[in-house]
Amino acid sequence: MVPLRRWSSPAGGPGGRPRREAPAGGPDGRPGREARHREPLRERPHPDEGLAPITRVGGVSYDLVIVANRLPVDRVELADGTKGWRTSPGGLVTAIEPVMRANHGVWIGWPGGTDPELEPFESDGMELAPMSMSAQDIEEFYEGFSNGTLWPLYHDLVAKPEFHREWWDSYVRVNERFAEKAASLAAEGATVWVHDYQLQLVPQMLRTLRPDLRIGFYLHIPFPPAELFQQLPWRRQILEGLLGADLVGFQLPGAAQNFVRLVRQRVGHKTHRDLVYLPDGRTVRAAPFPISIDAAGFEEMARSDAVRFRSAEIREALGRPRKVFLGVDRLDYTKGIYARLRAFAELMGEGHIDVEDAVFIQVAVPSREQVEQYRILRDEIERLIGRINGDHGRIGRPAVHYLHSSYPREEMAAMYRAADVMVVTPYRDGMNLVAKEYVACRYEDDGALVLSEFAGAADELRQAWLVNPYDINGMKSALLEAYQADDKEVTRRMKAMRKQVTQHDVKAWAASFMTELSDVGGGHAKDVRAPGGE
Ligand code: GDG
């Protein structure tokens, strides 16, 4: 296996249970080769001493309030037993951090674990307000309703959603607490931006508490078609919760249309195109805002000496294969990791790809480890990789290099730089930032992207080798084509994709959402029906 350095695991992962502590350096516990002569690419948790509590004058509050399930930092236990903070990975963090810094707002969210509620504090120039979660909240609100009901339901039933009334009750309670916290921190007439499926009731709850606020909501995952959404016993409450916002943002136009259609059918409000007219005179807009990345930041990182050096070192450690395939995903059943590895293995089995020629690096970032389905998925993937390496590997040359860990951004950039073929094959994905990050790092216009049609990113990255992840043969053909494509073809495609990603970066995404949010809302003079719905 490649001695990639791990990002030291937090003592309390989501759910407050200990995660496997990762050794520094190589997976065997010895320092990686590079670690002996160079400062490792690693993020370190910082202890509490560095944190300044925010001084609020007379209960002063914020003009911009971000409300998300997670804070951009995790509460972790340090080696000496004291508590500290560590920047956490994830799509939302990557996207929101620059917006927060530019606007100097406050971010409300859960730092992981079950510590009691802490005072707001400043970290890395960002003001953060931690929310507490009890073990019951984690089990019923987070692992239960959010990840056991909504996540599979919103991802095309890739897994079977479970409906439990006590999970729903917990979802309502936690949403209420988030809404109350936001109401207490927002200045008069402030803008509040609520994020994602865990907090869909917050907009309406917050509007009831603070009618003066301008409220935006953004859904990072897909919004399902009516045929699936209507299975949800609490469908109407969710729709009404979202309608508390002035602007409801989605990744893709289809999701916004699904929402408007459901509001018309299930709540009975009058709608016209992307607008919903409420009986109280408010107008709500539902529109697509495809999220992106800090493209310039990724490119700069990829160009840095440290990352270039590290990327060469990775290829060297892999045994200098001619081609490197790469997958980087949270270990989630929506991401299609199993199917892509099977496709790769079949190509090896059929002699199209030789292990002396090509290897696959699969990074599987630990995720939702307390949820049964995720543990089963991990076992299945690890069994498959064992079989692939047993069948196709040679001494010192495994076919698949599997890394179950998370890494600092620089290490990710080094992997993106080291990879000739990036393989992103989710069954369903709101956007998929990994695909865009890969493109941003390929500043030499090389590198092939194999991308699922069912990732939101496929709408923009049309020049990728697009695949249906349910079609293993189709996926094999695309992998092979990408592997064999000549440089000219690869460059033509990558150039076009780079143009798209650099021109539509996360700054543009946030700016367009904020601009729309400041434009919408207010009254209408429509004669609307009182909600009848169902
Ligand atoms: C949700 C939606 C939507 C991953 N491992 C590490 C790490 N990451 C970063 C990646 C990327 C992000 O996490 C993952 O984002 P994705 O978009 O690929 O997927 P989700 O986590 O499922 O995100 C998704 C997204 O929200 C944003 O709206 O695109 O559809 O499902 O940025 O780089 N970062 C670091 N170390 C890791 O080990 N530092």
Side-chain angles (χ1 to χ4, degrees), residues 4-10 14 19 22 41-43 68-70 72-74 86-99 146-147 150-152 154-156 158 195-198 218-223 249-252 255 288-295 297-298 301-302 326-337 361-368 374 403-416 422-441 451-452 454-461 501 505-506 509-510 513:
L4 298 177
R5 280 169 309 287
R6 292 164 188 278
W7 190 2
S8 55
S9 295
R19 273 193 208 158
L41 304 175
R42 185 180 310 155
E43 288 178 34
N69 180 52
R70 291 304 298 258
V73 293
D74 283 332
R86 193 205 56 192
T87 314
S88 59
L92 183 54
V93 178
T94 318
I96 298 294
E97 202 182 325
V99 187
S146 299
N147 292 327
L150 294 173
W151 180 266
Y154 283 28
H155 284 90
D156 275 5
V158 173
H195 288 264
D196 230 0
Y197 61 102
Q198 303 92 347
Y218 187 77
L219 186 70
H220 290 256
I221 66 173
F223 191 79
F250 299 89
Q251 300 277 18
L252 301 181
F289 299 87
I291 201 168
S292 194
I293 55 158
D294 175 11
F298 266 97
M301 204 153 54
L326 174 67
V328 175
D329 313 78
R330 269 188 315 98
L331 215 171
D332 194 291
Y333 50 78
T334 59
K335 301 289 183 182
I337 301 170
I361 305 178
Q362 177 63 55
V363 178
V365 181
S367 185
R368 305 177 195 168
Y374 286 74
L403 302 157
H404 180 250
S405 188
S406 54
Y407 296 92
R409 271 193 230 189
E410 290 78 359
E411 184 75 5
M412 308 264 297
M415 287 192 249
Y416 292 145
M422 181 81 210
V423 192
V424 182
T425 56
Y427 293 116
R428 178 62 74 193
D429 213 332
M431 176 54 62
N432 197 292
L433 297 179
V434 165
K436 291 188 172 181
E437 288 165 5
Y438 177 69
V439 168
C441 287
L451 178 62
S452 162
F454 306 130
D459 269 29
E460 293 171 81
L461 305 178
V501 171
D505 67 357
V506 72
W509 168 78
F513 188 90

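Counting starts at 1 for both ligands and their atoms, in listed order. When a residue number appears, it is its place in the shown sequence, counting from 1.
Contacts between R409 and ligand 1, counted as non-hydrogen atom pairs separated by less than 4.0 Å, involve both the backbone and the side chain. Contacts between E411 and ligand 1, counted as non-hydrogen atom pairs separated by less than 4.0 Å, are absent for every part of the residue. Contact annotation for W151 and ligand 1: only side-chain heavy atoms (C-beta onward) come within less than 4.0 Å of the ligand.
In terms of heavy atoms, V363 sits closest to Y407 at CG1-CE1, 3.9 Å. Here the closest non-hydrogen pair linking Q251 and P288 is O-CB, 4.1 Å. Closest approach of F454 and Y427 over heavy atoms only: CB-O, 3.0 Å.
Heavy-atom contacts of V434 reach the following atoms of ligand 1: 18 (O) (cutoff under 4.0 Å). The distance from ligand 1 to the heavy atoms of P408 drops below 4.0 Å at these ligand atoms: 39 (N). Distances below 4.0 Å separate heavy atoms of S406 from the following atoms of ligand 1: 37 (C), 38 (O). Near H220, meaning under 4.0 Å from any of its heavy atoms, are these atoms of ligand 1: 2 (C), 3 (C), 26 (O), 27 (C), 28 (O), 30 (O). For ligand 1, the atoms lying closer than 4.0 Å to a non-hydrogen atom of G430 are 30 (O). Within the listing of ligand 1, atoms 3 (C), 28 (O) sit less than 4.0 angstrom from a heavy atom of Q251. Within ligand 1, the atoms closer than 4.0 Å to a non-hydrogen atom of V365 are 5 (N), 38 (O), numbered from 1 in the order shown.
The six-membered or imidazole ring of Y154 lies near that of F223, with a centre-to-centre distance under 6.0 Å.
For ligand 1, the polar-atom distance check against N432 finds a nitrogen or oxygen pair separated by under 3.5 Å.
K436 places a side-chain N or O within 3.5 Å of a backbone atom of I291 that can act as its donor or acceptor partner.
Side-chain contact check for Q198 and N147: no donor-acceptor pair (N or O, by modelled atom type) lies under 3.5 Å.
Aromatic ring orientation, H155 versus W151: tilted (interplanar angle from 30° to 60°). Between H195 and W509, the angle of the ring planes lies from 30° to 60°, which puts this pair in the tilted group.
One distance of note links CD1 of I337 with CG of D329; it measures 4.5 Å at 0.5 Å rounding.
The residue among M415, K335, H155, M412 with a heavy atom at the shortest distance from atom 20 (P) of ligand 1 is K335. Ranked by closest heavy atom to atom 18 (O) of ligand 1, the top entry among D332, L433, D196 is L433.
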